[in-house]
There are 2 protein chains.
Amino acid sequence: MKKTKPKYLNVQIHLKQQIQQGTYNPGDFIPSENQLCKQFSITRTTARKALDELIKEGFIERIHGKGSRVKERRHTLGLLNVKGFSEAVGEGVNTKFLQHPIKALWSDEIILPVSETDRNASCFYFERLRFVGKTPVMLEKNWFPNTKLPQFTATDFVDGSFFKTLSQRYLIEIVGSTQEIRSEFASEKHAKIFGIESTSPLLHISIKFLTSNPKLTIYSELYCDTSAYPVGNSYYL
Amino acid sequence: MKKTKPKYLNVQIHLKQQIQQGTYNPGDFIPSENQLCKQFSITRTTARKALDELIKEGFIERIHGKGSRVKERRHTLGLLNVKGFSEAVGEGVNTKFLQHPIKALWSDEIILPVSETDRNASCFYFERLRFVGKTPVMLEKNWFPNTKLPQFTATDFVDGSFFKTLSQRYLIEIVGSTQEIRSEFASEKHAKIFGIESTSPLLHISIKFLTSNPKLTIYSELYCDTSAYPVGNSYYL
DNA sequence: TAGTGGTCTAGACCACGCC
DNA sequence: GCGTGGTCTAGACCACTAG
């Protein structure tokens with residue numbers, strides 16, 4: 001019953017928050033291992049465990065003889081992994097709902113196969129356009145079975161993030177995904193949305209997200225204008 | 001001058017070889033931490049360090065109360081499977097070297113920043129065109145510092161896979177990647193290679209691979225004609 | 001209950017970067 | 001020389017799995 005929270009996790013979370021809040025910026029050195037030992041009354045083994053985790057998450061790097069430094073984040077749309085748009089890009093991101101969550105039909109536009117059980121359930125749909133500053137960079141279309149998210153509306157969104165909303169309001173996490181990626185001509189309709197020629201190339205990403213709730217699968221079709229902001233991601237073991 | 005080899009590295013290499021040689025197969029349990037302590041005359045901390053590295057490399061997983069088990073599949077690194085093209089697409093894949101490995105210069109074509117130390121080293125380069133059946137689908141260009149792979153030639157390739165070669169011949173694993181993805185018009189030259197119009201969209205993927213050898217970073221530029229075969233991957237926690 | 005991995009302590013010595 | 005991270009020891013207690 002009682003979840004014992006490891007000490008290293010407190011240190012890890014504390015440092016991560018300070019990095020995300022800008023207490024430590026990219027290039028800055030966080031406190032040394034010995035300083036963390038004193039500050040949290042722990043041994044170096046435990047301090048290093050916390051730092052090991054932050055390294056795995058890509059927040060810091062160790063430099064022998066110098067210290068642990070906050071890593072630089074490139075200004076790209078990192079969404080290919082499980083991270084999500086708003087988390088990865090940071091500030092300067094705006095979102096406009098082109099379609100608030102409504103009951104809809106399963107669309108032919110969904111590339112990856114919709115499972116039998118999903119297709120028999122009613123479908124929720126929403127559509128958003130994402131901007132960096134005033135430049136539209138990504139059109140995002142999402143479908144998922146209606147049954148699993150009671151009272152789901154646009155106003156519920158936590159920090160404008162769908163995944164963060166799932167995690168915090170419904171305790172549902174993304175546990176896997178299947179993707180297909182294409183380079184295509186923009187359709188007439190999409191070209192108009194992005195304000196580009198219909199002969200321009202668009203990046204088309206089809207994703208099927210698996211969640212910790214076996215009944216909830218999310219189908220997404222993303223269209224990205226990568227001419228100014230390429231889609232990017234990083235992955236570290 | 002004398003590089004002192006850490007004890008955990010011996011354990012790590014020993015276990016990795018046994019896994020690659022089939023002494024332990026996927027699903028098998030490797031010796032417990034306490035057994036490793038006795039076998040190598042080390043403490044549990046050191047044994048765990050070795051296992052931590054093997055986990056990061058994707059070879060094993062720990063199961064609380066049971067042991068450490070050899071993993072079934074290699075994890076995927078972001079966009080493309082680490083196993084590489086040949087295993088991801090399946091049968092009917094052919095590869096043609098457009099340029100066998102040679103000493104070359106660091107190219108302007110590399111999108112992601114080349115580190116200072118890499119740029120100061122001499123550079124190895126090779127280029128391959130990948131087919132599904134007789135259709136060219138991916139042009140692959142790779143650069144890496146010359147210093148780290150002695151006697152590296154095209155004939156060394158294990159199963160036609162660069163990464164498998166690194167793993168089996170040099171015991172080097174991919175431990176991370178940074179990617180940028182763009183949808184672009186095909187260049188004149190690339191259009192000719194793929195046999196398409198130069199106004200056609202091409203998927204352009206720029207990757208910087210980090211390996212278990214800190215001195216070896218691999219820079220790749222991939223160009224894919226996704227009209228018939230989209231790029232895909234799956235990701236599971 | 002025995003064995004496994006998960007966490008943690010309180011030290012130690014070494015290698016690296018910098019002044 | 002001094003502070004940093006890199007490795008290692010010899011324990012300890014806890015949580016999970018399985019017979």
Side-chain angles (χ1 to χ4, degrees), chain A residues 1-16 19 24 27-71 236-237, chain B residues 1-16 19 24 27-71 115-117 120 175 210-215 237:
Chain A
M1 187 63 235
K2 170 88 171 328
K3 291 259 174 49
T4 54
K5 199 172 181 183
K7 284 190 179 181
Y8 76 83
L9 196 55
N10 291 322
V11 183
Q12 178 187 347
I13 290 172
H14 178 261
L15 290 172
K16 190 192 292 187
I19 291 170
Y24 303 114
D28 291 351
F29 284 87
I30 63 175
S32 75
E33 297 177 357
N34 284 318
Q35 285 174 323
L36 291 173
C37 291
K38 289 173 192 161
Q39 186 182 342
F40 291 92
S41 303
I42 53 178
T43 56
R44 258 190 79 205
T45 310
T46 306
R48 282 180 68 80
K49 170 74 173 168
L51 298 183
D52 281 341
E53 294 299 317
L54 289 174
I55 290 170
K56 279 200 267 189
E57 295 181 37
F59 283 99
I60 62 169
E61 61 186 338
R62 282 207 195 93
I63 299 167
H64 196 169
K66 294 187 71 175
S68 297
R69 190 166 58 189
V70 177
K71 286 186 72 169
Y236 300 97
L237 294 180
Chain B
M1 189 61 234
K2 172 82 171 332
K3 289 264 173 44
T4 54
K5 202 173 185 183
K7 285 189 178 181
Y8 77 83
L9 197 54
N10 291 321
V11 183
Q12 177 187 346
I13 290 172
H14 178 261
L15 290 172
K16 189 193 291 188
I19 291 171
Y24 302 115
D28 291 351
F29 284 89
I30 63 174
S32 76
E33 297 176 358
N34 284 318
Q35 285 173 324
L36 291 173
C37 293
K38 288 173 193 159
Q39 186 180 343
F40 291 91
S41 303
I42 53 178
T43 56
R44 257 190 80 205
T45 310
T46 305
R48 281 180 68 80
K49 170 72 173 170
L51 298 182
D52 280 341
E53 294 299 316
L54 290 174
I55 289 170
K56 281 202 275 188
E57 293 181 350
F59 283 100
I60 62 170
E61 61 186 336
R62 282 207 195 91
I63 299 167
H64 197 169
K66 294 189 72 175
S68 297
R69 188 166 58 189
V70 178
K71 282 183 78 171
S115 75
E116 189 79 21
T117 50
N120 289 332
V175 298
L210 306 181
T211 72
S212 51
N213 184 326
K215 295 283 202 301
L237 291 181

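Bear in mind that the values here come from a model prediction, so they are computed numbers and not experimental data.
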query = Partners of A:Lys7 by salt bridge (Lys or Arg N to Asp or Glu O under 4.0 Å), sequence neighbours excluded?
reply = none

request  = Output all residues satisfying side-chain hydrogen bond (donor to acceptor under 3.5 Å, both in side chains) with B:Thr45, sequence neighbours left out; order by chain, then residue number.
outcome  = none

inquiry  = Heavy atoms within less than 4.0 Å of DNA chain C: which residues of residues 38-52 of chain B have one? Give them sorted by number.
reply    = B:Arg44, B:Arg48

query = Would you say B:Lys49 and B:Ile42 make side-chain contact, with heavy atoms under 4.5 Å?
reply = no

task = Could you tell me the separation between the CG atom of A:Leu9 and the P atom of C:dG6, rounded to a whole number of Å?
result = 15 Å

inquiry  = Taking only side-chain N and O atoms of B:Tyr8, does any of them lie within less than 4.0 angstrom of OP1 or OP2 on D:dC8?
reply    = no

request  = Using whole Å, report how far CG of B:Asn34 lies from P of D:dA12.
outcome  = 13 Å

query = To the nearest Å, how far apart are A:Glu53 CD and C:dG6 P?
reply = 11 Å

query = Do B:Ile60 and B:Leu15 come within less than 4.5 Å of each other through their side chains, counting heavy atoms only?
reply = no

message = So, taking the atom named OG1 in A:Thr46 and the one named CG in A:Leu51, what distance separates them when rounded to the nearest 0.5 Å?
response = 11.0 Å

remark   = Here the distance between atom P of D:dG5 and atom CG of A:Leu54, to the nearest Å, is 13 Å

task = Just jot down the side-chain contact (heavy atoms from CB on, under 4.5 Å) partners of A:His14, sequence neighbours excluded, or say none.
result = A:Gln18, A:Gln39, A:Phe40

request  = Take the protein atom CG of A:Leu36 and the nucleotide atom P of C:dT9, then report the distance between them rounded to whole Å.
outcome  = 13 Å

ask   = For C:dT9, does either OP1 or OP2 sit under 4.0 Å from a side-chain N or O belonging to A:Lys7?
value = yes

message = Once side-chain contact (heavy atoms from CB on, under 4.5 Å) is applied, do any residues pair with B:Asp28, and if so which ones, sequence neighbours excluded?
response = B:Tyr24, B:Asn25

request  = Take atom CG of B:Asn10 and atom P of D:dT7, then tell me their distance rounded to the nearest Å.
outcome  = 13 Å

inquiry  = Could you measure the distance from the NZ atom of B:Lys56 to the CG atom of A:Asp52? Nearest 0.5 Å is fine.
reply    = 6.5 Å

key: Separation of C:dT7 C1' from B:Glu33 CD (nearest whole Å)   = 11 Å

Between C:dC18 (P) and A:Arg69 (CZ): distance, integer Å = 10 Å

inquiry  = If the cut-off is 4.0 Å, is B:Ser68 near the phosphate of C:dT4, judged by side-chain N/O to OP1 or OP2?
reply    = no

ask   = Residues two or more places apart in sequence or in another chain: which of them pass side-chain contact (heavy atoms from CB on, under 4.5 Å) with A:Lys38?
value = none

inquiry  = Applying salt bridge (Lys or Arg N to Asp or Glu O under 4.0 Å), can you list everything that pairs with A:Lys16, at least two apart in sequence or on another chain?
reply    = A:Glu57

ask   = What dot-bracket string describes DNA chain D from 5' to 3', counting Watson-Crick and G-U wobble pairs whose defining distances are under 3.5 Å, with [ ] for crossing pairs and | for pairs to another strand?
value = ||||||||||||||||||.

inquiry  = Suppose we screen for side-chain contact (heavy atoms from CB on, under 4.5 Å). Which residues come up paired with A:Arg48, at least two apart in sequence or across chains?
reply    = A:Glu33, A:Arg44, A:Arg62

Between protein and nucleic acid, restricted to nucleotides 16-19 of chain D and to nitrogen or oxygen atoms under 3.5 Å apart, what atom pairs and distances do you find?
| residue | atom | partner | partner atom | Å |
| --- | --- | --- | --- | --- |
| D:dA18 | OP1 | B:Lys66 | NZ | 3.1 |

